[in-house]
Student: 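Handing you a structure now.
Everything quoted here is computed from the prediction, not taken from an experiment.
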Amino acid sequence: MGDEVSTEEQIRSLTERLNEAEETLRAVRSGEIDAFIVQGPRGEQIFALRSAEQPYRNLVEDMLEGAAILTLEGDIAYCNKRFAELVSVPLEDVVGGSMERFIAGTDRPLYRSLLTAGSGKRRARLAAADGRTIDVLLSFTTSMADEVERRNLIVTDLSELLVAQQQSQAKDEFMAMLAHELRNPLSAITAAVQVLETAKGRESAAARARFIIGRQAKHLSRLVDDLLDVGRVVTGKIALDRRAIDFCDLVRRTAAVFTDREAEHLFSVNVVPAWIDGDTVRIEQIVSNIIGNAVKYTPVGGKVTISLTVEGAEVVLRVEDDGFGITPDLLPHIFDLFVQGVRTLDRSQGGLGIGLTLVRRLVELHNGSVSVSSDGANCGSLFTVRLPKVAAGGAPGTAGDAPRARSCQRRVLIIEDNRDAREMFRMMLELDGHQVIEAEEGFAGLRLLRAESPDVAFIDVGLPGLDGYEIARRFRCEAAANERRVLLVALTGYGTPDALERSRRAGFDHHLIKPVNPEALYRLLNAEDSPKSRTLAATGVAAPERRLYNERLSWCGVEQSGSSSGS
């Protein structure tokens, strides 16, 4: 009897242990157990189960690529959240469905071949639920789990890569165009210099060569200024000197520049009286860039129509041409940086793909809008600028229209290490009646500044020995003690707000941008009866001339370091 009880107990105990083992196995299979703790000779040991694969689960869930596990038939057995985001479908609605429904129609044969092969990489397009078509890379591999064959799919979004490639291509094209645009005027200047050397008394040839040198030098300066301006505008580092502007007069004057020199095109200019509130230089830049763009993309004999109207509370400028037009794929991007239409090799006028970007940003700074329309290639284009209208202001005209000031003889010091630049600068000043002394090195320049106490000192900031900022600082400390007043002008190729502020802190009165514009230089020298006046250092020149030294006129060469505008 006792043996029978013992046997039944053993059977019951074995049955309980078997049930416990089966429950443990079920829990392991279902992922409910992370690890086992086993008692052994070395004490308790932990054998991890689920925790070993958890980092890999996290990796797949957090990866930037979409990931999915497919059956051989192409049904989705698993996907990560990134895949669900790509196809714009909730995660729970993706699993269980067919992968093929997310493949663009024309790419489905390619997808099926990859699914059948079980390995390979091909570019394709996903058709998202929100209507988007996404360029992707499909990468297939095959694996076995529980003796079941599965397809592993990684989906890489190529959208950002394609955008980066397009931007890189645009920059490459820009650099090529920049090299072309710089070589053209340099070639003309080099040839003109050769003409001057061989003219031998033929004044007409020499005069023409000088004219070409001057025109091409201005073209080079404008290219550099456009590059600087687009950087300032895009980064928001530009300020406007706003006032009431006779927009009618400005458009007429700007158009006249093109009508006088572009004999190969027909121009029609129709304007009405209209006033706006804005920065004269920047508004002129807007108008000039739009008209120049029309001329650039209109063949010989084509027509450019410029009109100015008042429509309600807005002044509307329209520039229309019958030229090459704009293709539908380019039209949405025409105001983007480095974007420009296809150019034929016979077009002599160049461009860097930044002019229209400047136009859009400058118009927006004036609380206006700019738009473009075109019916396609060879159908011409129409640019429309809308700006808020204001009441009529003072008499038309800008400081740039003022006659050249009378010549006042000054004693001038030039400290410049570039021999050719220093020599030409000296000759330009001497021909205007000034007495000039010069130095090519910082310490020698400071000695001359102390000994000669000139009326004006033009100091290159990048000098060997002692840089221009240090010269200004040392001299200002000494001059303050001796009550000596010399007008110090920084001579530099940098026109950024940081450069202006650095000149101001060093003690410079003005910030002159290379290449030096002669008219701006003459106005600076003759703006005051006495350049040693403390008024000039504290507040700049008188109001009618002050704009000439503002940072926003950097295209003409002069920037005012002490301006209250913060430039």
Side-chain angles (χ1 to χ4, degrees), residues 23-36 46-168 332-333 336:
E23 175 61 22
T24 300
L25 182 60
R26 184 202 63 77
V28 170
R29 285 176 173 172
S30 64
E32 296 176 8
I33 295 178
D34 290 334
F36 285 110
I46 299 177
F47 292 87
L49 294 177
R50 188 181 176 195
S51 59
E53 68 176 12
Q54 193 62 34
Y56 301 102
R57 289 178 180 267
N58 294 339
L59 178 64
V60 173
E61 286 299 327
D62 295 337
M63 64 192 298
L64 298 179
E65 289 82 9
I69 298 177
L70 311 180
T71 65
L72 298 183
E73 292 75 27
D75 294 328
I76 301 174
Y78 161 82
C79 77
N80 65 356
K81 60 184 180 182
R82 176 56 180 156
F83 181 87
E85 291 172 356
L86 283 173
V87 297
S88 300
V89 175
L91 188 62
E92 59 272 16
D93 294 337
V94 175
V95 177
S98 172
M99 175 64 197
E100 189 167 318
R101 63 178 169 146
F102 299 121
I103 303 295
T106 56
D107 291 332
R108 287 180 179 178
L110 178 150
Y111 158 76
R112 295 190 197 107
S113 65
L114 286 174
L115 179 67
T116 301
S119 64
K121 296 181 179 181
R122 294 293 295 274
R123 284 182 58 171
R125 291 168 301 150
L126 286 187
D130 60 4
R132 292 178 300 125
T133 300
I134 309 166
D135 288 296
V136 297
L137 177 67
L138 302 179
S139 302
F140 272 90
T141 58
T142 298
S143 63
M144 299 288 293
D146 298 329
E147 299 182 356
V148 177
E149 187 174 347
R150 294 282 188 267
R151 300 289 190 248
N152 307 315
L153 173 62
I154 300 297
V155 182
T156 304
D157 184 0
L158 297 179
S159 302
E160 293 184 1
L161 175 61
L162 293 175
V163 170
Q165 289 175 340
Q166 292 171 354
Q167 292 175 341
S168 177
H333 308 288
D336 293 348

Student: Is the closest side-chain heavy-atom distance between Thr133 and Leu126 below 4.5 Å?
Tutor: no

Student: For the residue pair Glu100 and Arg108, what are the closest heavy atoms and their distance?
Tutor: O-NE, 3.2 Å

Student: Do you know the tightest heavy-atom contact between Tyr78 and Val95?
Tutor: CA-CG2, 4.4 Å

Student: For the pair Phe83 and Phe102, name the ring-plane relationship: parallel under 30°, tilted 30 to 60°, perpendicular over 60°.
Tutor: perpendicular

Student: Side-chain polar contacts of residues 114-124 - donor-acceptor pairs under 3.5 angstrom, sequence neighbours left out - could you list them?
Tutor:
residue : atom : partner : partner atom : Å
Thr116  : OG1  : Arg112  : O            : 3.0

Student: With a 3.5 Å cut-off and no angle check, do the side chains of Thr142 and Arg151 form a donor-acceptor pair?
Tutor: yes

Student: Which heavy atom of Gly105 sits nearest to which heavy atom of Pro109, and what is that distance?
Tutor: O-CD, 3.9 Å

Student: Examine distances only and state if a side-chain atom of Asp135 and a backbone atom of Ser159 form a donor-acceptor pair shorter than 3.5 Å.
Tutor: no

Student: Any side-chain heavy atom of Leu70 within less than 4.5 Å of one from Ile76?
Tutor: yes

Student: Side-chain contact, heavy-atom cut-off 4.5 Å: Leu153 with Ser139?
Tutor: no

Student: Could you tell me which residues satisfy salt bridge (Lys or Arg N to Asp or Glu O under 4.0 Å) with Arg82, sequence neighbours excluded, listed by chain and number?
Tutor: Glu85, Asp157

Student: I want to check something: taking the side chain as every heavy atom from C-beta on, are Glu92 and Val94 in contact at a cut-off of under 4.5 Å?
Tutor: no

Student: Please report the C-alpha distance between Glu149 and Leu72 in whole Å, then the side-chain angles of each, then the deciding distance to 0.1 Å, and finally whether the side chain to side chain contact (heavy atoms under 4.5 Å, CB included) criterion is met.
Tutor: CA-CA 7 Å; Glu149 187 174 347; Leu72 298 183; 4.0 Å; yes

Student: If the condition is salt bridge (Lys or Arg N to Asp or Glu O under 4.0 Å), which residues does Arg132 pass it with, not counting sequence neighbours?
Tutor: Asp130

Student: Scan side-chain atoms only and decide if Ser143 and Asn152 contain a donor-acceptor pair under the 3.5 Å cut-off.
Tutor: yes

Student: Measure across Ile103 and Leu138 and return the closest heavy-atom pair with its distance rounded to 0.1 Å.
Tutor: CD1-CD1, 4.2 Å

Student: Nearest 0.5 Å please: distance from the OG1 atom of Thr156 over to the CD1 atom of Ile134.
Tutor: 12.5 Å

Student: Do Glu65 and Val155 have side chains that get closer than 4.5 Å, going by heavy atoms?
Tutor: no

Student: List the atom of Ile154, the atom of Ala67, and the distance in Å for their closest heavy-atom pair.
Tutor: CD1-CB, 3.9 Å

Student: Nearest heavy-atom pair of Ser88 and Ala129: which atoms, and what distance?
Tutor: O-CB, 3.6 Å

Student: Could you tell me whether the side chain of Asp107 and the main chain of Arg125 form a donor-acceptor pair under 3.5 Å?
Tutor: yes

